[in-house]
Amino acid sequence: MSKELEKNYDPQKYEDSIYKKWEESGFFNPDVCIAKNICESDADTFTVALPPPNITDKLHMGHVVMIAVTDILVRYYRMRGRRTLWIPGTDHAAIATQNVVEKKLLAEENKTRHDLGRVEFLARMQEFISQTQATIIHQLKKTGGSLDWTREAFTLDERRQTAVKKMFIDMYKDEVIYRGYRIVNWCPRCQSTLADDEVEHYEQDAKFYTFRYAKDAPFAISTTRPETKLGDTGVAVNPEDKRYQSLIGKTYNIDFCGVKLNLKIVADSGIDMKFGTGAVGVTPAHSLIDYEIAQKNDLPVKKVINEDGKMADDLNNFSGLSVIEARELVVELLKNNGLLEKEEDIKNNLSVCYRCHTAIEPLTSRQWFIGVDKKLKRLGNQSLKERAIAVAKENQLKFMPERFTKRYLDWMENLHDWCVSRQIWFGHRIPVYYDIFDQENLDGFLYLKKDSLNIDIEKCKSLASTDKSMSFITNIVPGKNSQNDIIVTAFNFSFANALVKNGVIKRGDLIKSIDYVEVGKCKKWEVFSDEKKIGDSYVQDPDTLDTWFSSGMWTFTTLGWPLKAGRAGESGSKNDLANYHPMQFMETGYEILTLWVSRMVMMSLFALDEIPFENVYLHGMVLDKHGKKMSKSKGNGIDPLDMISKYGTDATRLSLIVGSTPGNDMKLSEEKIAYFRNFTNKLWNIARFVFSIAGETRLGDSPELQAKTLADKWILELLSQVESEVTKKIESYDFSGAAEALKKFTWDEFADWYLEIAKIEGRKEDMLVFVLKKLLILWHPFMPFVTEAIWQEMNNERFLMVTQWPVQDSSLKTKPAKKILPEMEIIKNIVSALRNLRANCKISPAKKLRAVIYTENSVQLLKNNLELIKGLRTGVTEIEIAKKGEKISKAAYASVSACEIYIPLEGVIDLKKEEEKIKKQAEDLNRLIKGLEKKLDNADFVQRAPKDVVQDQVDKLELYQTEAKQLKNQLKYLK
RNA sequence: GGGUUCGUAGCUCAGUUGGUUAGAGCGCCACGUUGACAUCGUGGAGGUCAGAGGUUCAAAUCCUCUCGGACCCACCA
């Protein structure tokens, strides 16, 4: 009785149930593998953290690449007996996710987050997450990644919150984190700061204005942004510039469009004398470069654009105008007063927010920074930047492909302090607290939640009138302050203090009802994580941390940090940090090398003084078949889940592996995926055939193997070659090459030759089962589902997933020999030649033919394998074999492997046509021969080239000459 | 402006330190359906390796330049 498989492999039928079985087996978890003796407790580790997909994402092809690549290695090393751990999780992606929910809120309820308030808004966020997070996790499981779900993490869950707080506090204590008043990238729409690399640049048409500030100004300046000139506090010139040298150091009081400017002329060698007028208005509050010039020259910083993208209060006519309106007004006034000297069209780069594409405003703001140049005792008196550079230079941290090391180093070397505070609500809130009743300079305001306090307004008014330093506002006009749409009452700190002192409000009640505080004005703060300490007296900083702060900690928070490291060699997740850090591998797209990878390195170095991972493999982008980026708006994206349900996970994954190289973009088409679906089906049918030959009872056994025939020896030899080739290629990250070598063996050798031979020779149960099993093992990392499905059908008790990878015999040659088992090659060559002759002469395969083969040395070999030659679809039913014989005329002739083959053709085809074809072939060959002869006549070549190369050429020439002779013979015999 | 990367058959791409007649899949053409597989088989046509120069006995491969595409970084005040 043989077991029968379905005619076609149906991935839908197997994938989900197999994944469930794997999960239930616990083998994704190294602790279970150790307990069940799949690996030793002190085996080498292979640890990876899955780059956590954003919770708002759907899975895209990039994710599948990442999983396919990593899963190949994870499964491979698991089968090799390493302690293998791959930790899954999701990322809260602060700004991105908040944007999605805010858009939704606006569309569905026409509300902003301020309408809801922080608590209610975060509740909505939570609601949203609970749906989307489940989606992405479900999708991750569909990809077949062998992830240890018992260790699943989320960048904003409770453990990560504890870790982030500790990290912040530790960094603060070491003065790596500091509070600074600096120029930052501000997105007026997101109402938040952005990191430098979250800003994108687009070229646009702009006007370049050249003008004098006023009639009495002794210089003209040029700018594309005249409105910012309201904030100028200086004018910079090149110290070499003779036009302005005499002015350096002087100060001018100027009326610029009705606004008083106090401009000091300073020298800066960075100024290009040839560009514009050679004099640059310095706007410290709204340009990074100007800010730096201002710092060097002690110029004051004057902020003229507010966080809402509108002009500041004290600019008379300009106040409250948008940036664009202000620009138009400035230009108009300049024109009216005859101050505008030039107006040119130029191209310049507009900076926009990478999330919402709103133009960003550089402006000064009080923010939290990570000082990358701060020397740290814990890092041997090196800075984060220095250590992060050193680990890459010392090759502790390796990149694949290597060229990305350079990009990493370039980026690191130019790194500025990193602004980590974000003015959004969704994320890790900064653990900084302010006692607003204990501020030396109480000029800040606090805004109350709508209807949160019942206060006697009249009483407040009378209280306020007693002291000039106290003020309060009610019913603020919406829009004047970006935070105030819902605010009806605001106090300054002095007034709040007075209210508490006079018993109008209880301190705790006041703090509870605060919606927003201008903590930027506070000069004292505390940093701690102690919930009890917070009590009723502190206001927490409203800001949250840059999303990369927490995702930068991913590699060690997923292993339990800040819990103690635990004990290496002992099982259980409490020992993860000791057992599995640093990780061995990180796989991600090259586009976030700087955004994320570099941050993980710094965070890990700070927390543990260890690199987060040893190897970084960067994959390219998946483009559509025309080489365009896949995007939702273009609608050219290929949805991996559609592909998975249509063609199966294995085919989808393989299509992303074969034909792609690390670091390079790849084009993907549905046809390519379909091709690999065909291949999974081919493998399935190989198994189906083996099952039909070998009885069911035998499938589970590991038969004692006996190679009985030539073909048996040949296929085993090939198999062992391919084993070592695949192993080698996986370890050197050549997944495409490994899969191709395997595919070649599977399809071109095993299926096309050996299975056909098996049908003829018969009694191959053991051989077929043996090779099939090996094939399943070798294919498993690449195609986990179909291989496991077949394995399970073979009644194997153990999972294929934890079956041992064949251990390599190190004596095996690394390069496959050109010809394995020459006798088998002779047979194959003859079969090919027979097919070839027939096809060339366009003889229908149905037409039975007779052949005559003359051979000096292989008579016995051919006679032994006569049935093979006849049976392997040559359509030759009668073969005469002899050492030598009489010449045969009017026959197709071929000579391979020292065998002369004749197929009498009289009455079968048009002999004249055939003759012409052969003549043409002979001409081509002669050309090759002449070339080769010339090469061998060249003394330089013969002397200098390696001997084996020369020998190759000599052999080749001989071969050609023989072939040429054969063609002559062909002509001869055709007549 | 600085840097990276790519340009190989009609299409999508391999081609590892220079060394067989530059490979594969799709598509195309011809023939076929044989005891697993039409999601299949056999055979074939198709390339001056973007262009020019150089190094070398030997270049798709190394160097220089040009053209064309993609990307990264910096940035014009």
Side-chain angles (χ1 to χ4, degrees), chain A residues 5 7-9 197 201 208 221-225 228 236 270-272 275-277 279-283 287 289-290 293 346-349 401 403-404 406-407 410-411 414 590-591 593-594 620-621 623 625 627-629 647 651 658-661 663-669 671-672 674-693 729 732 734 736-737 740 743-744 751-752 755-756 759 818 832 835-836 838-840 842-846 871 873-875 924-925 928 931-932 935 938-946 948-950 952-953 955-956 959-960:
Chain A
L5 294 180
K7 200 168 173 182
N8 292 321
Y9 172 61
D197 40 42
H201 304 277
F208 189 54
I221 58 151
S222 302
T223 182
T224 52
R225 298 201 55 189
T228 62
I271 304 297
D272 182 353
F275 194 84
T277 62
V280 183
V282 181
T283 322
S287 153
I289 291 191
D290 292 9
I293 294 175
I346 61 158
K347 299 266 182 204
N348 85 341
N349 276 335
R403 67 184 136 91
F404 286 101
K406 190 172 153 34
R407 194 190 279 188
D410 283 350
W411 190 84
N414 294 312
Y590 62 76
E591 70 275 11
L593 171 68
T594 51
M621 275 186 301
L623 308 172
K625 64 168 144 182
K628 298 270 180 270
K629 265 188 191 177
Y647 302 106
V658 177
S660 84
T661 43
N664 291 336
D665 297 345
M666 65 192 97
K667 291 178 201 172
L668 181 69
S669 60
E671 296 87 76
K672 189 173 176 187
Y675 171 77
F676 286 102
R677 184 270 320 269
N678 296 355
F679 180 68
T680 57
N681 194 56
K682 185 78 186 178
L683 189 63
W684 178 263
N685 270 286
I686 288 170
R688 181 168 132 97
F689 176 71
V690 173
F691 283 26
S692 73
I693 300 281
K729 286 191 163 159
S732 58
D734 180 8
S736 177
E740 268 181 302
K743 196 195 83 184
K744 222 171 218 169
D752 287 354
L755 292 192
E756 297 307 318
K759 288 174 191 170
K818 276 179 196 166
S832 294
R835 287 172 180 168
N836 208 320
R838 171 194 288 278
N840 273 344
K842 305 208 166 166
I843 305 166
S844 153
R873 296 174 192 179
T874 51
D924 291 347
L925 197 59
L928 281 175
L932 214 49
K935 198 172 182 182
N938 184 335
D940 280 335
F941 171 70
V942 177
Q943 281 165 22
R944 295 213 206 173
D948 54 327
V949 173
V950 178
D952 270 0
Q953 303 288 308
D955 291 349
K956 206 170 36 171
L959 194 77
Y960 292 170

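The chains referred to below are lettered A, B, ... by the order of the sequence lines, with proteins before strands, and numbering in each begins at 1. Because the structure is a prediction, the values reported are computed rather than measured.
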Please work out if A/I271 contacts a base, only the sugar-phosphate, or nothing of the nucleic acid, heavy-atom cut-off 4.0 Å.
base

Mate of B/C65 where both pairing distances stay under 3.5 Å, Watson-Crick or G-U:
B/G51

Is A/E756 touching bases, backbone alone, or none of the nucleic acid, heavy atoms closer than 4.0 Å?
base

Taking atom P in both B/C37 and B/A50, what distance in whole Å separates the two?
44 Å

May I ask you to say what A/D272 touches in the nucleic acid, namely base, sugar-phosphate or nothing, with a heavy-atom cut-off under 4.0 Å?
base

Name the nucleic acid region contacted by A/T224, choosing base, sugar-phosphate or nothing; use a 4.0 angstrom heavy-atom cut-off, strictly under.
sugar-phosphate

Pairwise C1' distance for B/G51 and B/U39, with rounding to whole Å:
43 Å

Do we see a donor-acceptor contact under 3.5 Å between the side chains of A/Y590 and A/D665?
yes

So what does A/N8 touch, heavy atoms closer than 4.0 Å: a base, only the sugar-phosphate, or nothing?
base

Partner of B/G32 by Watson-Crick or G-U wobble geometry, both contacts under 3.5 Å, or none?
B/C40

Distance check, C1' atoms only: B/U66 and B/G7, in whole angstrom units.
14 Å

Pairing partner of B/G46, by Watson-Crick or G-U wobble and under 3.5 Å for both distances, is none

May I ask you to say what A/R873 touches in the nucleic acid, namely base, sugar-phosphate or nothing, with a heavy-atom cut-off under 4.0 Å?
base

